Amino acid sequence: QVQVVESGGGLVQAGGSLRLSCTASGNIYRLNAMGWYRQAPGNQRELVAGITSGGITNYADSVKGRFTISIDNAANAVFLQMKDLKPEDTAVYSCAAVVAGGPSQGWLDYWGRGTQVTVSP
């Protein structure tokens, strides 16, 4: 089994910054990629930012230039530095890890429970 745990959410005023952290642990033979998703009430879950173990990144257009994703492969951890936050960034942010549990196993997705980010006007 693999556990994914997020931390770092909270309440911040518009224009402020937050840093989210996520760590995957357990039966991890190899890490393929990690990413951050968010879901606001009444909205579908959307990809915020993703990063491969090789460092290739992709971002939602709405966060480009404001959010930065980074990965620590040795720690199976991913971070999301968020700056210039806006009220529309308010959502539950969830972390996902794509890992293989063994040399002959395929990639599987594991999800954390999420952390609330609230941006006040």
Side-chain angles (χ1 to χ4, degrees):
Q1 261 303 2
V2 175
Q3 297 78 41
V4 177
V5 179
E6 306 98 335
S7 62
L11 173 64
V12 65
Q13 288 187 331
S17 300
L18 280 175
R19 185 174 188 256
L20 304 183
S21 300
C22 169
T23 301
S25 61
N27 186 30
I28 299 173
Y29 173 75
R30 188 174 177 185
L31 178 69
N32 178 266
M34 299 185 79
W36 288 97
Y37 292 75
R38 68 185 180 187
Q39 186 169 20
N43 291 356
Q44 291 187 334
R45 185 171 62 192
E46 62 173 351
L47 173 68
V48 177
I51 186 167
T52 69
S53 59
I56 298 173
T57 61
N58 66 302
Y59 295 91
D61 287 342
S62 59
V63 307
K64 285 181 180 177
R66 300 188 297 123
F67 292 9
T68 302
I69 190 169
S70 58
I71 194 168
D72 182 341
N73 289 305
N76 294 323
V78 66
F79 309 95
L80 186 68
Q81 180 66 50
M82 307 183 292
K83 65 178 182 179
D84 191 23
L85 283 160
K86 304 175 181 181
E88 51 264 41
D89 294 318
T90 296
V92 175
Y93 285 68
S94 299
C95 175
V98 183
V99 305
S104 61
Q105 297 184 17
W107 301 113
L108 292 177
D109 298 348
Y110 294 90
W111 291 82
R113 292 186 175 183
T115 184
Q116 178 70 44
V117 171
T118 302
V119 184
S120 61

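What you see below is based on every heavy atom in this structure, not just the backbone, and it leaves out hydrogens, waters and symmetry mates. Predicted model only: the values in this text are computed from it and were never measured.
We find that R113 and E6 are not joined by a salt bridge, their nearest charged nitrogen and carboxylate oxygen being 4.0 Å or further apart. The residues D61 and K64 are annotated as salt-bridged, a charged nitrogen and a carboxylate oxygen being separated by less than 4.0 angstrom.
Within 6.0 Å of CD on Q13 lie no more than 12 heavy atoms contributed by other residues, nucleotides or ligands.
Inter-residue side-chain proximity for R38 and T90 is flagged as unmet; no heavy-atom pair is nearer than 4.5 Å. Between M82 and V119 there is no side-chain heavy-atom pair separated by less than 4.5 Å. In this structure, the side chains of N76 and V99 stay at 4.5 Å or more apart for every pair of heavy atoms. Side chains of C22 and V4 form a contact here, defined as non-hydrogen atoms less than 4.5 Å apart. Annotation: side chain of Y59 is in contact with side chain of T68 (closest heavy-atom distance under 4.5 Å). Counting heavy atoms from C-beta on, the side chains of V117 and L20 come closer than 4.5 Å.
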Intermediate values then yes/no, side chain to side chain contact (heavy atoms under 4.5 Å, CB included), I71 and N73 = CA-CA 6 Å; I71 194 168; N73 289 305; 3.6 Å; yes
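No donor-acceptor distance shorter than 3.5 angstrom exists from the side chain of N32 to the backbone of V98, with no hydrogens or angles considered. For T52 (side chain) and A33 (main-chain N/O), no donor-acceptor pair under 3.5 Å exists by modelled atom type.
Within the structure, ring pair (Phe, Tyr, Trp, His ring centres under 6.0 Å) pairs that include any residue of residues 90-121 comprise Y37-W111 (at least two apart or interchain).
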